[in-house]
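Only one structure is covered here, and it is reproduced in the block below.
The chains referred to below are lettered A, B, ... by the order of the sequence lines, with proteins before strands, and numbering in each begins at 1.
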Amino acid sequence: MKIIRNLFSLIAARTVVWGVLLAGFAMIGTAAEDGTQDPLRIALTGRYPPFSFYNTQGELDGFDVAVSRAVAERLNRPLDIVTTEWDGILAGLLAGRYDAIIGSMAVTPQREEVVHFSEPYYLSGAQLFIHRDRRGEIPGIDRIEGLRIGVVVGETYEQYLREHHAEHVRVVTYDDTQLIFQDLIHGRLDGFLSDRLVGAWQIRAAGAPFLPAGDMLYEERIAIPVALENTALLASINMALADMRASGALDRLFDRWFGLPDGHDDPNASAASPESMTFALALRFLLKGFALTLLVAAASLTLGFLASIPVGIVLNLSGGPVRALTRGVVDFIRGTPVLIQLFFVYYGWGMIPVIGMSLSPLAASILTLSVNSAAYMAEVVRSGLMSVDPGQRLAGRAIGLSPVQVFRLIVWPQAFRIAMPSLMNSVVALIKDTALISVVTVSELISNVRSVVSVTYNPIYYLLAAVLFFMVTFPLMKLAGQLEARMRAKGFDHD
Amino acid sequence: MIEAQNITFRYPGAETAALSEVSVEFPRDAISAIVGESGSGKTTLMMCLGRFIRPAQGQALYDRTDVFDIPEHAFRQRLGMVFQKLYLFPHLTVLENMTLAMRHAFGRDRRETDQEAEAMLERLGIAEILDRYPSQISGGQAQRAAIARGLLLRPDYMLLDEPTSALDARTTDAFAEWLRSLKDQTNFIVVTHDILFARRAADRGVCLMNGQIASEGPIEEALSRLHLNEK
């Protein structure tokens, strides 16, 4: 715990320094331009209906989004919404990637140690929901042993369950609510602990067969966190909220999303129940994501391949410190998960003293994937170079070619042909690895398909996304096979 | 003239020297053969003459100059080498194999080099393999193509390492004749363990045993003296 707290204070200290510098830049920037304000950067997940989600038009919508707009309007700043995973949302705030989170975050003592919370903008509470079919079976969370209860990783409910109900409840963690709903429908969970409002809204909007079981477990104050040092922003957000409360704007927003028209709990009546996204729209959304996926893959492959050639050559040296160092780096990259590398580059890059500047999600993704593919392709290049008969170099020298010409005209063309099938496999692997970058807020295919499923409740879109991937990877895999066959026919593996 | 002057060479970690105090001359206007069993040091001698190995003692001379004092680029133009495994470049056609060095190492024009290469293959009787890849031609054709690749650079001398290793007895005879027909093109030095081939192809011979010269002189003389020594 101490280490984590130290880490946090380190992050916070750095954020202060950079915050000051950035503020300086920002002031220069605003002075130079025509007085336009810096955008207010607000983070939310975009996958937490009805608080934030993509609506039928494929646009961000929901109660939190509406609150964000209202706050930005009152601060007289343009709004820039950043969608990010819940899991790293606080780390992103501490790293200065956005100014505040309006993502239905509950105030907890632990969180208060690292951020400042505004006044609450609504109150809710923890509620156990179960499948309608088991209404009589599960009267409440502590009346029955061994319940499998789903929670979202990093939400307050997880910790609550582990602290208060650890003995008779099995906590199952998920990346997002959507997956919990699917598992509850399929009977892999007995229930889930979530926000009372979310559960109620889900039942209404999706016709999901869930019911609340027992009383609310505790009440939560939902508020807006900002970085500790950002007291000016905190004050203006509090003023904005106070104004919204006084003018009734906040109540009207709340009613629009959660109010029941005639006062009783009619599951089908809602002021803002979203219709399901049409297939055409969903497809367009997926294709848009896929275009980004392919862009990232193409950029990373190009950079990675270019880097892999010198690295492969160095790996092929017989010894020396440069080779040893390169060997170590390549092994480290290949021996650690891409996901961890991606998190480090995205959240940690800005903390490296010399660099000091954090990367955009897209840049972080391309950098990580490029370095990763360079490491893998360098091995392929190395073994390609190794399988070229040393006599080929000798023969090249014997007819008067310089060492550079020997490499360029004789060794490399052969090594490349030998390496080609394996390189194709690296390409396929990298294209699939792009799936990981959804965790750093790049709205590529995986991120988009999860958003689509979170409003359509139709898991078939996962399959559709898989098919999109396959349409690109399959021809590449075929090509790799054909190249290999042709290589063998040409007798490249012997002289 | 190419000559070895008092060359001694020992491979790292080897107990005995591969060559000890070898001195021999290879005059122009004669095909010379370096004859010996495997391990006799004949390939090491070739690598020394070809400027691939620097002797520990003594030197290889080209027209009285140490080969390592001649810039490599200039030296390669005067002395061609064809290795036992030929090392045609598998990713290039025969024609491209032949013109590669002329174009890139000596900056010659492509059309011109193509014509020269075609004429050379015509003369060597293998014009039909022009556009084939090395994997698509026979061992004998590959042998001739590799020699043709070297000849195109118009070398003063040309070293051939075990040129008959992939040929049977009948084609070996034909190859010896063919080689003699090219005497006007360059001065060949063949490294071989095949005494019959050496007798047919060469004018002069140097016989090596255990890294030392066993006999030397006109080919018949050198070989018969070798036999006497063996007895």
**Q.** A/Arg397 CZ to B/Phe75 CZ distance, which is reported to the nearest 0.5 Å
**A.** 12.0 Å
Q.
Please check: side-chain N/O of B/His91 versus main-chain N/O of A/Leu409, any donor-acceptor pairing under 3.5 Å?
A. yes
(Q) Heavy-atom count check: over 12 atoms from other residues, nucleotides or ligands less than 6.0 Å from B/Arg154 CZ? (A) no
Q: Could you tell me which non-hydrogen atom of B/Met81 sits nearest to which non-hydrogen atom of A/Ala398, and how far apart they are?
A: CB-CB, 4.0 Å
Q: Decide if atom CZ of B/Arg103 counts as having more than 12 heavy atoms of other residues, nucleotides or ligands within a radius under 6.0 Å.
A: yes
(Q) Give me the atom names and distance for the closest heavy-atom approach of A/Ile399 to B/Phe106. (A) O-CE1, 3.8 Å
Q) Does B/Tyr87 reach the side chain of A/Leu394, with side-chain heavy atoms less than 4.5 Å apart? A) no
Q.
Can you confirm whether A/Lys432 is buried at NZ, in the sense that more than 12 heavy atoms of other residues, nucleotides or ligands lie under 6.0 Å from that atom?
A. no
Q | For the student: nearest non-hydrogen atoms of A/Ala395 and B/Arg149, plus distance | A | CB-NH2, 3.9 Å
**Q.** Shortest non-hydrogen contact between B/Ala105 and A/Gly400, atoms and distance
**A.** CB-O, 3.2 Å
**Q.** CZ (A/Phe332) with more than 12 external heavy atoms under 6.0 Å
**A.** no
Q: Heavy-atom distances under 4.5 Å only: say whether B/Phe52 touches chain A with side chain, backbone, both or neither.
A: side chain
Q. Relative to chain A, which segment of B/His73 carries a heavy atom at a distance below 4.5 Å: side chain, backbone, both, or neither?
A. side chain
Q.
Please classify the contact of B/Leu79 with chain A as side chain, backbone, both or neither, using a heavy-atom distance under 4.5 Å.
A. backbone
Q | Closest non-hydrogen atom pair, B/Pro90 against A/Gln414 | A | CG-OE1, 3.3 Å
**Q.** Value rounded to 0.5 Å, distance of CD in B/Glu72 from CG in A/Leu401
**A.** 10.0 Å
**Q.** Contacting moiety of B/Leu159, where chain A heavy atoms sit under 4.5 Å
**A.** neither
Q: Decide if atom CZ of A/Arg284 counts as having more than 12 heavy atoms of other residues, nucleotides or ligands within a radius under 6.0 Å.
A: no
Q.
How about CZ on B/Arg111, more than 12 heavy atoms from neighbouring residues, nucleotides or ligands closer than 6.0 Å, or not?
A. no
Q. So what's closer than 4.5 Å to chain A heavy atoms on B/Met47: side chain, backbone, both or neither?
A. side chain
